[in-house]
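Worksheet: one structure, shown below.
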Amino acid sequence: MLDPRLLRGDPDACAARLATRGFRLDVERFRVLEERRKALQVRTQDLQSARNRGAKAIGQAKAQGRDIAPLLAEAEGLGGRLKAAEAELQAVLAQLEDFQLAVPNLPHESVPEGSDERANRELRRWGDVPRFDFAVRDHVDVGAGLAGMDFESAARISGARFVVLRGVVARLHRALTQFMLDLHTGTHGYTEVYVPYLVNAESLRGTGQLPKFEEDLFALRGDAGLYLIPTAEVPVTNLARDRILEAEVLPLRFACHTPCFRSEAGSYGKDTRGMIRQHQFEKVEMVQVVRPEESYAALESLTGHAEAVLRALELPYRVVALCTGDLGFAAAKTYDLEVWLPAQGTYREISSCSNFEDFQARRLRARWRNPATGKPELVHTLNGSGLAVGRTLAALLENCQEPDGAVRVPEVLRPYLGGLERLTPPG
RNA sequence: GGAGAGAUGGCCGAGCUGGUCGAAGGCGCUCCCCUGCUAAGGGAGUAUGGGGCUAAUCACUCCAUCGAGGGUUCGAAUCCCUCUCUCUCCGCCA
């Protein structure tokens, strides 16, 4: 959510900024709602004030044993008018909240302008794109060759966009997860957390998935109102919800491994083959809660932490700064990490690192006590994948494949695989 | 699943025979005083969100908030209803 003062103070400037990311702010509607809100709020509060004065006078009169009948007569009808005003005000406030919850974050000034991903800016590349003197297989074939990747079974069990991993590939999948967690907790200073995979609507509203993107989520039946998490970002960032953090505990840095569940509504026909786009995938997520003045430095370091995983795994990648039009709803600035996929001959997103500034914090009421002012102020929140495990597995199988169908294991992973240096097809 | 107890400010904890209660007291924190170090002591202050006014995130003023939502009442932290969560006992269970 944007700062309401900012929105009220200069809606046209906000609209101009939002236009760069392709969002049309209905300034006129906002003005109308604001005007009505103001008038109704003043009226309501006046009536409340009158009621309070009256009630107090009656209390005093009664204590002194005076006759309260005239005072009661005076208060006649006030309740009804107040109730009506309150109801009206509440209705407008609800509309105003709906309006504001649907407004995306303002892009940071350093974000390149552009309407879609073509305007994204490549910042750097790392690693040599591998050359193969044999026909490159994609991860589906490499995985199948290792007798470890089975989409047919998954389709029978659940449907499209699921996978069953077996044997050494399943183990590699687990090894990747373990390695990432160890790296972030061991050398990057993150605290590992284990969190619920089912969350309530309030949590999703806090991080920005609701109310606008409900169709991307899997909701549970029944009246519990729970959803499967689309990313660990939701439960982990919500650790800061409704809290006032002491300055000393900042920055909070959490690393968290969870499955992620996404309906992938609207992506029909996209990435239908392989593990690139699944309804269920594993991810190690990094989440930071920081002082506002530190958030952009934190974005750089967090991105570096995600890059460190790719480097350790020796996977070629590039870093892209998303343009205004490609930015996620809640993000002020985002770096995407894209890994090289030989079979596709292109870089594909494997991590997304974002600074949300106070956009999520405002929805979450996530604050810290600023020693300079002594007052609770909004924190800044960030997160980034470190990394998406399924895509990392796919990238590894493709980049490290050998002519005989084996897969070379990057050194950092070997301790997690009992020292195995190569994954080899059975038989 | 059954029975019971509870949810109050940064924390602990009174109030719950409805009225000067935004809320005693304590802890913590801030400032001041005293004390030739340390410790102790004395005094003052210390919730959050929002509105109006304003150049102002100053001041002033108003409103809301005692788990959440509704109700009764001139008036609700206090009474009633619903929900959520926590704790205890029983049952069940990985």
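A, B, ... follow the sequence lines: proteins, then strands. Residue 1 opens every chain.
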Any salt bridge linking [X] with [Y]? Criterion: basic side-chain nitrogen under 4.0 Å from a carboxylate oxygen.
{"X": "A/Glu294", "Y": "A/Arg253", "value": "no"}
{"X": "A/Lys38", "Y": "A/Glu35", "value": "no"}
{"X": "A/Arg273", "Y": "A/Asp141", "value": "yes"}

Roughly how many Å apart are [M] and [N], using the [atom1] atom of each and rounding to a whole number?
{"N": "B/rA5", "M": "B/rC79", "atom1": "P", "result": "14 Å"}
{"N": "B/rG36", "M": "B/rG28", "atom1": "P", "result": "24 Å"}
{"N": "B/rG49", "M": "B/rG10", "atom1": "P", "result": "10 Å"}
{"N": "B/rA7", "M": "B/rA14", "atom1": "P", "result": "9 Å"}
{"N": "B/rA77", "M": "B/rC66", "atom1": "P", "result": "7 Å"}
{"N": "B/rA56", "M": "B/rU46", "atom1": "P", "result": "26 Å"}
{"N": "B/rU86", "M": "B/rU61", "atom1": "C1'", "result": "40 Å"}
{"N": "B/rA40", "M": "B/rC29", "atom1": "P", "result": "11 Å"}

Sugar-phosphate only, base, or nothing, as touched by A/Arg362 at under 4.0 Å among non-hydrogen atoms: nothing

Sugar-phosphate, base or nothing in reach of A/Arg37, heavy atoms under 4.0 Å: sugar-phosphate

Taking atom [atom2] of [N] as reference, at what distance in whole Å does atom [atom1] of [X] sit?
{"X": "A/Gln100", "N": "B/rG49", "atom1": "CD", "atom2": "P", "result": "17 Å"}
{"X": "A/Arg43", "N": "B/rG51", "atom1": "CZ", "atom2": "P", "result": "18 Å"}
{"X": "A/Asp242", "N": "B/rG9", "atom1": "CG", "atom2": "P", "result": "13 Å"}
{"X": "A/Ile244", "N": "B/rC11", "atom1": "CD1", "atom2": "P", "result": "8 Å"}
{"X": "A/Glu246", "N": "B/rC29", "atom1": "CD", "atom2": "C1'", "result": "9 Å"}
{"X": "A/Leu93", "N": "B/rU65", "atom1": "CG", "atom2": "P", "result": "14 Å"}
{"X": "A/Leu40", "N": "B/rG52", "atom1": "CG", "atom2": "P", "result": "13 Å"}
{"X": "A/Leu378", "N": "B/rG49", "atom1": "CG", "atom2": "C1'", "result": "12 Å"}

Dot-bracket encoding per residue of RNA chain B, Watson-Crick/G-U cut-off under 3.5 Å, | denoting interstrand: ((((((((.[[[..)...(.....]]]((((((.......))))))((((((.......)))))).[[[[[..)....]]]]])))))))....

Earlier contact from the 5' end, RNA chain B, for A/Gln90 and A/Pro4: A/Pro4

Which residue lies more 5' along RNA chain B, comparing A/Gly79 with A/Val42 via nearest heavy atoms: A/Val42

Side-chain N or O of A/Lys83 closer than 4.0 Å to phosphate OP1/OP2 of B/rU72: yes

OP1 or OP2 of B/rA47 under 4.0 Å from side-chain N/O of A/Lys375: no

Listed partners of A/Ser49 passing side chain to side chain donor-acceptor pair (under 3.5 Å), at least two apart: A/Arg53

Restricting both atoms to N or O, compile the protein contacts to nucleotides 55-64 of chain B shorter than 3.5 Å, with distance only.
| residue | atom | partner | partner atom | Å |
| --- | --- | --- | --- | --- |
| B/rC62 | O3' | A/Ser49 | OG | 3.1 |
| B/rC63 | OP1 | A/Ser49 | OG | 3.3 |
| B/rC63 | OP1 | A/Asn52 | ND2 | 3.3 |
| B/rC63 | O3' | A/Gln48 | OE1 | 3.3 |
| B/rC63 | O2' | A/Gln48 | OE1 | 2.6 |
| B/rA64 | OP1 | A/Arg51 | NH2 | 2.5 |
| B/rA64 | OP2 | A/Asn52 | ND2 | 3.3 |

Closest approach of A/Leu310 to A/Ile350 (non-hydrogen atoms, all atoms of both residues): CD1-CG2, 3.9 Å

A/Tyr317-A/Arg311 side chain donor-acceptor pair, cut-off 3.5 Å: yes

A/His279 and A/Glu264 side chains, donor-acceptor separation under 3.5 Å: no

Side-chain donor or acceptor of [X] paired with backbone N/O of [Y] under 3.5 Å:
{"X": "A/Arg51", "Y": "A/Leu78", "value": "no"}
{"X": "A/Ser263", "Y": "A/Ala265", "value": "yes"}
{"X": "A/Arg362", "Y": "A/Met1", "value": "yes"}
{"X": "A/Thr20", "Y": "A/Ala16", "value": "no"}

Pair listing, side chain to side chain donor-acceptor pair (under 3.5 Å) test, anchored in residues 185-197 of chain A, at least two apart: A/His184-A/His188, A/Tyr190-A/Gln288, A/Tyr190-A/His305

Between the protein and nucleotides 17-20 of chain B, list every N/O to N/O distance that falls short of 3.5 Å.
| residue | atom | partner | partner atom | Å |
| --- | --- | --- | --- | --- |
| B/rG19 | O6 | A/Lys62 | NZ | 2.7 |
| B/rG19 | N2 | A/Ala55 | O | 3.0 |
| B/rU20 | N3 | A/Gln60 | NE2 | 3.4 |

Out of B/rC74, B/rG10, B/rG51, whichever nucleotide has its closest atom nearest the side chain of A/Arg369: B/rG10

Kindly list each side-chain donor-acceptor pair under 3.5 angstrom involving residues 225-236 of chain A, sequence neighbours excluded, with atom names and distances?
| residue | atom | partner | partner atom | Å |
| --- | --- | --- | --- | --- |
| A/Tyr227 | OH | A/Glu214 | OE2 | 2.5 |
| A/Thr231 | OG1 | A/Glu233 | N | 3.0 |
| A/Thr231 | OG1 | A/Lys283 | NZ | 2.9 |
| A/Glu233 | OE1 | A/Asn383 | ND2 | 3.4 |
| A/Glu233 | OE2 | A/Gln360 | NE2 | 2.8 |
| A/Glu233 | OE2 | A/Asn383 | ND2 | 3.3 |

